[in-house]
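Sequential numbering from 1 along the given sequence is applied to the chain's residues. Whatever order the structure lists them in is the order used to number ligands and atoms, beginning at 1. The analysis underlying the following values was restricted to heavy atoms, covering all of them including side chains, and did not include hydrogens, waters or symmetry mates.
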Amino acid sequence: MRKSVFTLTLIAAAMGLSACGKKEEAPAPAPAAPAAAPAPAVLVGLAIPETHVERWVGDAEYMKKDLEAMGYKVDVAFADADQSKQNKQIEDMVTKGAKAIVVGSVTEAAAQAVESAKKAGVQVISYDRLITGTDAYDYYLTFDNFKVGQLQGQAIKDALALDTAKGKNITLFAGSPTDNNARFFFDGAMDVLKPFVTSGALKICGPAPTNSADATWSKITTEGWAADKAKARMETLLSGACKSVKLDAVLAPNDTLARSIIGALEQDGKYKTLPVITGQDGELLSAKWIMEGKQTMTVFKDTRVLAKGTAEAVDSIIKGAAEPTLTVKARVDTTTYNTGKKVVKSFLLEPVAVTKDNLTKELVDSGFYTADAVAKGTK
Ligand code: BGC
């Protein structure tokens, strides 16, 4: 646009004046850059094996909360004890851009998904159950699984006073043969009980493996940790191999199976008084049954602490730390957990045996359950 000479002169004069008057002032600040959008939260996947065993719902809940408090976005998927379903869930998490995935596996076939995740640059942490058959991950967080079994064996030894007793009858159950933990639980229990089997103080009815490498071990396992399978097997034992004896104890690997075994025993008129029966996980209904004397013990594994330690490990590896830094109390083990491809660095938390005597202290005073929930056996 053409401006008149007069206008231009006025503008020039005004500029000159203003330049004189403002000589000492700092130049006007540059206009602020447009505010940067906040960085999207880093995604972490939680691949949880199942919900038919109560603890896993808590594991997911606690880890999600801890990771969100650290600023992560969390994707949780439950696999319903189906490894192909879990592998798809893991692949989805990788596609969505997860930087780390925590995997509680179902079977060894989890290895395929873990290896593809690694190829995509995603770090995997093995959670509670060792992922076998692969070396595509570096860390495993769990409880001392052998100790879990030892606590179960010790509870049977104490309750039956095996140091002095003779000819007590027991039958044996183990967890899912697809779960590496099941071997550790059984071997830990037999570590305590085997000397009494050898001495004759304890007699096994039904299949009698004394460690998980025995050929008969598969006969006492419970595929998929399924309660109905354990109940059916107990019924078969009661009408078959254990018919002519009165059982003094049943080695049950967890609470879900313990309760289904108790269900089968209760249908048998011979068991007005139930045998000693072990468990694991500190499930709510089992807590009630322990207080009522129906189940003898459980092994409490504080999943709040495992979840917290795992969230800390995830945070460390995402931030590129050379090693996970945990504030929770865990024993580092570099010799025990062999995937078949490598020995994985493991962080082991301490399990606690719980009977009627310390249940309130361990499960209620610790804030895990309310006294009311234990009394009702449900939340
Ligand atoms: C866990 C137990 C659980 C079982 C069945 C095992 O791997 O360690 O806590 O009871 O799986 O879900």
Could you tell me how the ring of Tyr62 sits relative to the ring of Phe368: parallel (under 30°), tilted (30 to 60°) or perpendicular (over 60°)? tilted
Whether Tyr337 and Tyr140 hold their rings parallel, tilted or perpendicular, with breakpoints at 30° and 60°: perpendicular
With backbone taken as N, CA, C and O and side chain as the heavy atoms from C-beta onward, which portion of [X] lies under 4.0 Å from ligand 1: side chain, backbone, both, or neither?
X: Asp128; value: side chain
X: Phe185; value: side chain
X: Trp56; value: side chain

If you count the atoms of ligand 1 from 1 in the order shown, which ones are under 4.0 Å from a heavy atom of [X]?
X: Asp179; value: 6 (C), 7 (O), 11 (O)
X: Arg129; value: 4 (C), 5 (C), 6 (C), 7 (O), 11 (O), 12 (O)
X: Lys301; value: 1 (C), 2 (C), 8 (O), 9 (O)
X: Glu50; value: 5 (C), 12 (O)

Give me the nearest non-hydrogen protein atom to atom 4 (C) of ligand 1 as residue plus atom name, then the distance to 0.1 Å. Trp225 CE2, 3.5 Å
Enumerate the disulfide (SG to SG under 2.5 Å) contacts for residues 80-128, please, sequence neighbours excluded, ordered by first and then second residue. none
For atom 10 (O) of ligand 1, which candidate among Asp281, Val299, Asp59 holds the nearest heavy atom?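 Looking at heavy atoms only, the winner is Asp281.
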Should we say atom NZ of Lys243 is surrounded by more than 12 heavy atoms from elsewhere, each under 6.0 Å from it? no
Tell me if the NZ atom of Lys99 is crowded by more than 12 foreign heavy atoms within 6.0 Å.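 12 or below, so no.
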Would you say that Ile261 contacts Ile277 through its side chain, given a criterion of any heavy-atom pair below 4.5 Å between the two side chains?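 Side-chain contact under 4.5 Å: yes.
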4.5 Å side-chain heavy-atom contact, Arg55 and Asn254: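 Side chain of Arg55 against side chain of Asn254, heavy atoms only: no contact under 4.5 Å found.
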Polar proximity ligand 1 side, Asn145 side, N/O cut 3.5 Å exclusive: no
